[in-house]
Visitor: 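Quick one: this structure, given as structure tokens, is what I'll be asking you about.
Quick note: residue numbers are just sequence positions, from 1.
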Amino acid sequence: MIRLRTISVIALLIAIFSSCKSEYEVLLMSNDIDAKYAAAMDYFNNKKYRKAAELFESMAVLTNGTARDDTVQYYWGLSNYRYRDYYTAQSNFTRFLENFPRSPFAGDAQFYRLDCMYRGTYRYELDQAPSRACIAAINQYVREYNPDPGKLEACNRMTADLQDRIDRKAFEAAKQYYTMEDYLAAHVALKNVLKDNADNGYREEVLYYTAMSSYHYARLSMPTKQRERYLVFIDDYLNFIGENPDSDHRRELTPLYQKVQRLLGRDGSEPAPAE
């Protein structure tokens, strides 16, 4: 008798629980595509993006191969994007572009995918491979879609920020040798920074530390090696002021240049500005 009563109570609780399901929960388990689609769009328009994303996801299999397929897949990604789940949104948009490259939503999907990629890149101290991949994807997007001025401006802003991280990482890595007072290694590494990318955004600083590295390397060398190494410093100094005649670093470098010229038995006056 007690066992039957217990079973009855459990059955009653299950019934009560089932009857208390929200309209949203019922829709989520439903196979009524029209109702789910209308509700998902309503949630999306009312900025309830998490619920919209879940409904669009639940429809993805049901609408596969139908006229609504690309719309559901696109809004699934866009809902996750607006919900700030950028990792999932990037996967959504990547899959969408693979399946629907000619969809009217393709251009926007590619832009949102790029924004997700950008948000997934790292600060300059860390691996910059994702930054390079994102820049390449942005360039391809601009070539293929000829975006409107607003999107183009956003692409340029993302590219500039990512390139700055790449440039700074290269500069800071080379500068580490200077900080450790390994001046020969610093000189080689800094030269390589500009060999790899002559347009490095930190070019002035790279040229400054290149000159300082060659000066200290020569200063600390044995006397028989100093002359040839001071001549390298003179070349580095002239390269620096040739490009940066008004740099604040000139106040530090010029006295060193004059000192080296005197050590070499030359006129220690400043070189005339390049014409």
Visitor: Which heavy atom of H187 sits nearest to which heavy atom of S214, and what is that distance?
Guide: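 Looking at all heavy atoms of both residues, the closest pair is CD2-CB, 3.6 Å.
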
Visitor: Could you check whether E243 pairs with R203 (Lys NZ or Arg NE/NH1/NH2 to Asp/Glu carboxylate O, under 4.0 Å)?
Guide: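 Between R203 and E243 there is a salt bridge, with a charged N closer than 4.0 Å to a carboxylate O.
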
Visitor: Salt bridge between R165 and D161, side-chain N to carboxylate O under 4.0 Å?
Guide: yes

Visitor: Scan for salt bridge (Lys or Arg N to Asp or Glu O under 4.0 Å) pairs involving residues 66-93, sequence neighbours excluded, and state none if there are none.
Guide: D34-R68

Visitor: Residues two or more places apart in sequence or in another chain: which of them pass ring pair (Phe, Tyr, Trp, His ring centres under 6.0 Å) with F111?
Guide: none

Visitor: Using the side chain to side chain contact (heavy atoms under 4.5 Å, CB included) rule, take I166 and I135 through it: C-alpha gap first, then chi angles, then the decisive distance, then the call.
Guide: CA-CA 11 Å; I166 294 168; I135 289 174; 3.8 Å; yes

Visitor: Taking atom SG of C155 and atom OH of Y118, what is their separation to the nearest 0.5 Å?
Guide: 11.5 Å

Visitor: Once rounded to the nearest 0.5 Å, what's the spacing between atom CZ of R262 and atom OH of Y257?
Guide: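 Spacing of CZ (R262) from OH (Y257) equals 11.0 Å.
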
Visitor: Please find the pair of heavy atoms, one from Q226 and one from A218, that lie closest to each other, and give the distance.
Guide: CG-O, 3.2 Å

Visitor: Using the ring centroid of each side chain, check whether Y43 and Y24 are separated by less than 6.0 Å.
Guide: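 Here the rings of Y24 and Y43 have centres that are less than 6.0 Å from each other.
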
Visitor: Would you say Y49 and F105 are hydrophobically clustered, going by side-chain heavy atoms of ILVMFWY under 4.5 Å?
Guide: yes

Visitor: For Y208 and N244, test the side chains for any donor-to-acceptor distance below 3.5 angstrom and give the result as yes or no.
Guide: no

Visitor: Taking all non-hydrogen atoms of both residues, which atom of I138 and which atom of L114 are closest, and how far apart?
Guide: N-CD2, 3.7 Å

Visitor: With distance as the sole test, does Q128 use its side chain to make a donor-acceptor pair with the main-chain N or O of L126 at under 3.5 Å?
Guide: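 At least one qualifying donor-acceptor pair exists.
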
Visitor: Can you tell me how far the OG atom of S131 sits from the CZ atom of R123, to the nearest 0.5 Å?
Guide: 12.5 Å

Visitor: Using the side-chain hydrogen bond (donor to acceptor under 3.5 Å, both in side chains) rule, pick out the option among R229, H216, R227 that qualifies with S221.
Guide: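 Passing option: R229.
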
Visitor: Can any side-chain N or O of T159 pair as donor or acceptor with the backbone N or O of N156 at less than 3.5 Å?
Guide: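 Pair absent, no side-chain N/O of T159 close to backbone of N156.
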
Visitor: So which heavy atom on Y177 is nearest to which on A189, and how close?
Guide: CD1-CB, 3.8 Å

Visitor: Nearest heavy-atom pair of M212 and L256: which atoms, and what distance?
Guide: SD-CD1, 3.8 Å

Visitor: Group every Ile, Leu, Val, Met, Phe, Trp and Tyr by side-chain heavy-atom contacts under 4.5 Å, then state whether L190 and Y124 land in the same group.
Guide: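 Result: no, two separate clusters.
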
Visitor: So which atom in S213 and which in A186 form the shortest heavy-atom distance, rounded to 0.1 Å?
Guide: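 Taking every non-hydrogen atom into account, OG-CB, 3.5 Å.
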
Visitor: Keeping S22 on the side-chain end and E25 on the backbone end, is there a donor-acceptor pair under 3.5 Å?
Guide: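 Yes; judged by distance alone, with no hydrogens or angles, the pair exists.
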
Visitor: Do K259 and Y215 meet the criterion of a side-chain donor-acceptor pair at a distance under 3.5 Å?
Guide: yes

Visitor: Between D108 and K151, does the salt bridge (charged side-chain N to carboxylate O under 4.0 Å, His left out) criterion hold? Intermediate values first, please.
Guide: CA-CA 9 Å; D108 286 340; K151 287 186 173 67; 3.4 Å; yes

Visitor: Measure the CG-CG distance between D32 and L27 for me, rounded to the nearest 0.5 Å.
Guide: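 Between atom CG of D32 and atom CG of L27 there are 8.0 Å.
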
Visitor: Please check: side-chain N/O of T254 versus main-chain N/O of R250, any donor-acceptor pairing under 3.5 Å?
Guide: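 Checked: pair present.
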
Visitor: Say whether R143 and Q140, considering side chains only, have a donor N or O and an acceptor N or O under 3.5 Å apart.
Guide: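 No.
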
Visitor: Do NZ/NE/NH1/NH2 and the carboxylate oxygens of D115 and R119 come within less than 4.0 Å?
Guide: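 A salt bridge links D115 with R119.
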
Visitor: List in chain and number order the residues that pass salt bridge (Lys or Arg N to Asp or Glu O under 4.0 Å) with D196, two or more places apart in sequence or in another chain; answer none if no residue qualifies.
Guide: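 Partners of D196 by the salt bridge (Lys or Arg N to Asp or Glu O under 4.0 Å) criterion come out as none, since no residue qualifies.
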
Visitor: One pair to check against side chain to side chain contact (heavy atoms under 4.5 Å, CB included): R219 and V260. What are the steps and the verdict?
Guide: CA-CA 9 Å; R219 177 179 63 84; V260 168; over 6 Å; no

Visitor: Looking at D167 and N200, would you say the former's side chain and the latter's main chain have a donor-acceptor pair under 3.5 Å?
Guide: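 Flag not set: sc D167 to bb N200 has no pair under 3.5 Å.
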
Visitor: Can you establish whether the number of heavy atoms outside M180 located under 6.0 Å from its atom CE is more than 12?
Guide: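 Yes.
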
Visitor: In plain terms, say whether K48 and D42 are close enough for a salt bridge, that is, a side-chain N and a carboxylate O under 4.0 Å apart.
Guide: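 No.
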
Visitor: When you measure from the side chain of R168 to the backbone of Y202, do you find a donor-acceptor pair of N or O atoms at a distance under 3.5 Å?
Guide: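 Not at all, since once roles are kept as given, no pair shorter than 3.5 Å links the two residues.
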
